[in-house]
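What follows is a single structure, written as structure tokens, with notes after it.
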Amino acid sequence: MISTKPLRFPKNFTWGVATAAPQIEGAAFEDGKGESVWDRFSRIPGKVLNGDTLDVANDHYHRYPQDFALMRKLGIKNYRLSLAWPRIYPNGDGEVNPAGIKFYNKLIDSCLKHGITPWVTIFHWDLPQALEDRGGWTSRVTVDAFATYAETVVKALGDRVKNWITLNEIRCFTVQGYSPGCDKAPGRRESAQVVNQTYHHALLCHGHAVKAVRTFGGKGARVGLTDNSAFSVPVTETPADIAAARAWYIDQNAHILEPIYTGRYSAAYLKRTGKDRPVVQKGDLELIGQPTDFLGLNIYTGQFIRAGKGKVRYEELALPADYPRTTCWWLNIMPQAIYWGARFPAEVYGAKAIYITENGCGYDVEPVVNDEVQDLHRRDYVRNYLRELHRAIADGVPVKGYFLWSFMDNFEWQDGYTRRFGIVHVDYKTQKRTPKLSAKWYSTVMAENRIV
Ligand code: PNW
């Protein structure tokens, strides 16, 4: 028999949706905005599906009032968005672009006017190309520029913005942008040492952003990182497989979570990287290891792990060809990933408040029929992940909120506009927004604070 027990979430649980500036704003060269690495990268033939660019995207730059009105209509109370660094500093550093500040002032005011609390990500992958030309994430020039940028935006918006996310998914703009075989901007091919240096620099930026929020954020300001850790799932929920999954999780995320939570690179990490380890300057680790208020996690999928044999601590299982997946090649459907993904950082690093800053799924074929998209696949995906999130909370994991990726279909990086992640459909010819079935379902979940 199907259980009808209401799966309620804790009082004051934060429900929201997420987007990022480069994926929705468009107006890529308007009002003095500088070029970003993704503006450049998307123009290299073969890098983005169908040669799609970020030039127009969802035209959110001009349509944000209507978009906020739609959010309000759907009962959305929390909105995670990002700021475009090249809009504020077209050259990465130097002169600030007043039109960029003005735009985000208007955007935040409009968001608040619609009764929606903004959760602002300071950096979501759109590095100013001018900084890339001076070394990008391989150089400390970028770290210094970021420190100024973070201070500028916290000073400008901190009277109204109280929830700050420093950086989104460090490995996606460092490892996946600078390693051989990588598929993200700027698409460089660097040595292991240089790649390790890029995420050390990103960690420093995180530290600078924390410092900026502490110094200029005003009363009630909170700050944390959003990480896409590598998430493990024990094949069986037995002590041996759980211990194996935990060991794998620690190894895989050592380069980011260890310095953030302990203020050092672990001995195991230093041994593993050897001569390729990042060069660390005096004061770096203190900056990186400053206490934060929460940990943001983008959880989509995971890696099945079981206990190894003999001295081998764990074994990674390859997925069978028929394992359920979305149209996104990397997105295997694995609801338990959200349970273990939230639980391990609480257990291992003592994370006190965890927000799922992204979870969702992408598909290519989602036709609008009679003014609706019947995306039962997405509704079921989210529902199944929420059940596992509910289980984590019931087991004492301090999960405080959940943001669905994404509010609307948008520029899905190297997959362009083909892959749709929204709960609101976007017709890119007309810019018409159509809430999908999943949006209406999610409205009820948020309103009733339970899985329906
Ligand atoms: C996230 N993976 O990226 C990003 O934060 C979003 O901007 C993006 O649109 C969304 O997820 C959907 O892709 C990820 O390979 C990209 O595991 C790749 C992975 C995870 C997250």
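Throughout, numbering of the chain's residues begins at 1 and tracks the sequence. Just so you know, ligand 1 is whichever comes first in the structure, and atom 1 is the first atom listed for that ligand.
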As a test of understanding, state which of Tyr199, Phe146, Phe173 forms a ring-ring contact (aromatic ring centres under 6.0 Å, His included) with Trp137.
Phe173
Charged N to carboxylate O under 4.0 angstrom, [X] versus [Y]?
| X | Y | answer |
| --- | --- | --- |
| Asp293 | Arg214 | yes |
| Arg433 | Asp427 | no |
| Arg40 | Glu132 | no |

Centroid-centroid under 6.0 Å between Tyr64 and Phe103 rings
yes
Proximity of Phe123 and Trp125 rings by center, below 6.0 Å
no
Would you please write out the protein residues whose heavy atoms approach any atom of ligand 1 to under 4.0 angstrom, listed by chain and number?
Gln23, His124, Trp125, Asn168, Glu169, Asn298, Tyr300, Trp330, Glu358, Trp405, Glu412, Trp413, Phe421
